[in-house]
There are 2 protein chains.
Amino acid sequence: MFKPITIKDIAQALELSPSTVSRALSDSYEINEETKKRVIEYAEKHNYRRNPMASSLRQGRSYSIGVVVCEVANSFFSHAIDGIESVAYGKGYHVIISQSHDAYEREVVNIQHLANRAVDGLLISMSAETKDFSHIINLHAQGLPIVFFDRVIDAFETHTVTANNQKGAMVATESLIDRGFKKIAHLANAPHLSITAERLKGYEDALKQHGIPLDESLIRYCHHGGRIQREVEEAIQYFLNLPEKPDAVFVASDRLSMGCLSAYNKLAPRDEHPAVAGFSNSDVLDLLQADFTCIRQPAFKMGQVAMEMLIQLIESRYPVYDFQNIVLETELIHR
Amino acid sequence: MFKPITIKDIAQALELSPSTVSRALSDSYEINEETKKRVIEYAEKHNYRRNPMASSLRQGRSYSIGVVVCEVANSFFSHAIDGIESVAYGKGYHVIISQSHDAYEREVVNIQHLANRAVDGLLISMSAETKDFSHIINLHAQGLPIVFFDRVIDAFETHTVTANNQKGAMVATESLIDRGFKKIAHLANAPHLSITAERLKGYEDALKQHGIPLDESLIRYCHHGGRIQREVEEAIQYFLNLPEKPDAVFVASDRLSMGCLSAYNKLAPRDEHPAVAGFSNSDVLDLLQADFTCIRQPAFKMGQVAMEMLIQLIESRYPVYDFQNIVLETELIHR
DNA sequence: CTGAAAGCGCTAACAT
DNA sequence: ATGTTAGCGCTTTCAG
């Protein structure tokens, strides 16, 4: 079967000891340049690759990190992953992506799978459905480095990177107010997500600042983060059934924006569609929906920062107690 | 640091030998039910997880497979990945995703990284830019099981799954002919991709069948698969500059459809936009672009089939010589 | 500068 | 039904 060449084979062929070969391959200073060259040449010629399993087992390090996001088919997360990879590759780390699909069970399984020594650290953006954090708390307590990005939890102290959700939400809502809309609804994400509370706060701030009374009945949550289109449609139908329909909607996320527009298309004639503004990193959405004002998160940057902080935790020789909670600014895209 | 409990720890605590514990944990028939229970209980209580590195090193198997796609932020590939995962998890395999971004170098690096024992097999959809297949041929020659899906190569014999691209392209083109369009352009993908030739063939078939002469000047290739928006815009600008502009375009892929619509939005007033039909698995595109006729590939199914075939290769006790090239039918979505 | 030897955690012959 | 032992491929003291 698939039987790659090992360090022993090289040693034998070159009449050296395995340890010398190992050292030569990792460019150790205590190896003769001549020997190094011989070894490296032979290795390349026979395209030797070090067995990462053996190497990790021995070193207690895998040089790979795990990323847990709800889904990759999402512009925000895919750009964040690009950012993560850009830093990781530069520092010699490999990235393993896994999707929770916003489901609690999948998240638990995936994290468990990644955790046990298969990765040196974890980059997590929480699933929408997760309310119980014990699977993560346990790993953290055991010493596994973890950095949260975008959707964070405060069950314990660690590095985090988020967007300035509150301000972004405020700016988005204000853009609707500025355009003259009075009755602005809010289609929110799952209630226990960090981003949900922050964006709600921004929405409330904007209303308050412009003297518009907060109307709780204009806020609808999507407990599955919009993964189930029905829940979005129910929310939209609810808005449509209100005695006074909202004339604008501030939508909390990319996926919800998609679902929201789709639901309105399905449930109401075009002239009854409200104006929509919201968080989105999709190029498609703003491409095809001319009047969609969106708040862009610096996804790539967030990925980069998160990865850098994780590497810092992993490579730190001493326990880290000084944690950073970095907040990056969002950008308003107007049409 | 992160020091998980091992099989030895359990053995010591329970006054058993490591092998007994190992066997108990893998539910071996030769272990006393009583002992099994004790071991499993203890393991769960102290949340033991087997170290996958050690296990893989010993067994010469990693129970994980690598997937190489151009990008995950693409409805077709993300659904294919869902299909792959659905089969993989059921059979106890872990899936490692990696993106080539349609770049040759990234593809080579990623495949090398996955290959050496880190995975038991590879599921590959070729990058648009790749013309030299030696990195894959080598691995295959060394015995690594490889299955191609969607974008295949014929450098060697192995299992493949593809959509019926030729027929899909024909149906899409015909739908444009049926709507009365006469001058139908084709925005094609990178020339060396398998899907490009097949879809071009279908386009030609449709024209021929309806007595429309083939006009080479109506065909433009995108060598980077649309990753570079400029190349799409150049193609569209070329169409717009033709003395007789095409009144319809058949587009070869999801990403190109996006780029094509976007380019027309940018370069021409709405009433000069041609009708567009093409391959796409995007929910957004057909949601927001009312007159977009699309050909859907059975992405999820393709993922499932590919994974099943890969597992068959991996688990086969003897070299496999009887390879299957499965072709799945596409579906036309009309509006 | 190079080699010998031990061991990372796990599993599978080979005992018993 | 359980224990003993060896070894997967690599790195890393320790010893020359």
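Letters go in sequence order (proteins before strands), and every chain restarts at 1.
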Would you say [N] has OP1 or OP2 under 4.0 Å from some side-chain N or O of [X]?
{"X": "B/T35", "N": "D/dT2", "value": "yes"}
{"X": "B/S17", "N": "D/dT2", "value": "no"}
{"X": "B/Y48", "N": "C/dG9", "value": "no"}
{"X": "A/Q59", "N": "D/dT12", "value": "yes"}
{"X": "A/K36", "N": "C/dC1", "value": "no"}

Look at the side chain of A/R49 and the base of D/dG9, then say whether one donor and one acceptor between them are separated by less than 3.5 Å.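 Under the 3.5 Å cut-off, the side chain and the base do not form any donor-acceptor pair.
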Measure distances between side-chain N and O atoms of B/S19 and base N and O atoms of D/dT4, and say whether any donor-acceptor pair falls under 3.5 Å.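 Side chain to base: pair found, below 3.5 Å.
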Grab the [atom1]-[atom2] distance between [X] and [N] for me, whole Å please.
{"X": "B/I5", "N": "C/dC8", "atom1": "CD1", "atom2": "P", "value": "16 Å"}
{"X": "B/R38", "N": "D/dT2", "atom1": "CZ", "atom2": "P", "value": "9 Å"}
{"X": "A/E34", "N": "C/dT2", "atom1": "CD", "atom2": "C1'", "value": "15 Å"}
{"X": "B/Y63", "N": "C/dC10", "atom1": "OH", "atom2": "P", "value": "16 Å"}
{"X": "A/L16", "N": "C/dA4", "atom1": "CG", "atom2": "P", "value": "11 Å"}
{"X": "B/N32", "N": "D/dG3", "atom1": "CG", "atom2": "C1'", "value": "15 Å"}
{"X": "B/Q12", "N": "D/dT2", "atom1": "CD", "atom2": "P", "value": "18 Å"}
{"X": "B/R61", "N": "C/dC10", "atom1": "CZ", "atom2": "C1'", "value": "16 Å"}

If you check the [X] side chain, which of [options] turns out closest?
{"X": "A/I31", "options": "C/dT2, C/dG3, C/dC14", "value": "C/dT2"}
{"X": "A/A54", "options": "D/dG9, D/dT2, C/dT2", "value": "D/dG9"}
{"X": "B/R23", "options": "C/dC10, D/dC10, D/dT4", "value": "D/dT4"}
{"X": "B/N51", "options": "D/dT2, C/dG3, C/dC10", "value": "C/dC10"}
{"X": "B/L57", "options": "D/dC10, D/dC8, D/dT2", "value": "D/dC8"}

At under 4.0 Å between heavy atoms, what does B/S55 touch on the DNA or RNA strands: base, sugar-phosphate, or nothing?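 Sugar-phosphate, no base atom in range.
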Using a cut-off of 4.0 Å on non-hydrogen atoms, how would the nucleic acid contact of B/S22 be classed: base, sugar-phosphate, or nothing?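 Contact class for B/S22: base.
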Looking at the rings of A/H140 and A/F156, which for Trp means the six-membered one, are their centres under 6.0 Å apart?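 Yes: the rings meet the under 6.0 Å criterion.
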Between B/Y104 and B/F133, is the ring centre distance below 6.0 Å?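 No - the distance between ring centres of B/Y104 and B/F133 does not fall below the 6.0 Å cut-off.
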Relative to the 5' end of DNA chain D, which residue comes earlier, A/K8 or A/S26, by the nucleotide with the nearest heavy atom?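 Here A/K8 is the residue nearer the 5' end.
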If you find the nucleotide of DNA chain D closest to A/E30 and the one closest to A/T6, which residue's nucleotide is nearer the 5' end?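 Of the two residues, A/T6 wins.
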Determine the interplanar angle of the B/H159 and B/F323 rings, folded into 0 to 90°, and report it as parallel if under 30°, tilted if 30 to 60°, perpendicular if over 60°.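 Perpendicular, since the angle between the ring planes exceeds 60°.
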With a 6.0 Å cut-off (strictly less than), is the heavy-atom count around CG of B/D154, excluding the residue itself, greater than 12?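 Not more than 12 within 6.0 Å, no.
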For a 4.5 angstrom cut-off between non-hydrogen side-chain atoms, does B/Y48 reach B/L25?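 Heavy-atom side-chain distance check passes, below 4.5 Å.
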Which one of A/I136, A/V152, A/I195, A/V68 satisfies the side-chain contact (heavy atoms from CB on, under 4.5 Å) criterion with A/M126?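 Filter result, single survivor: A/I136.
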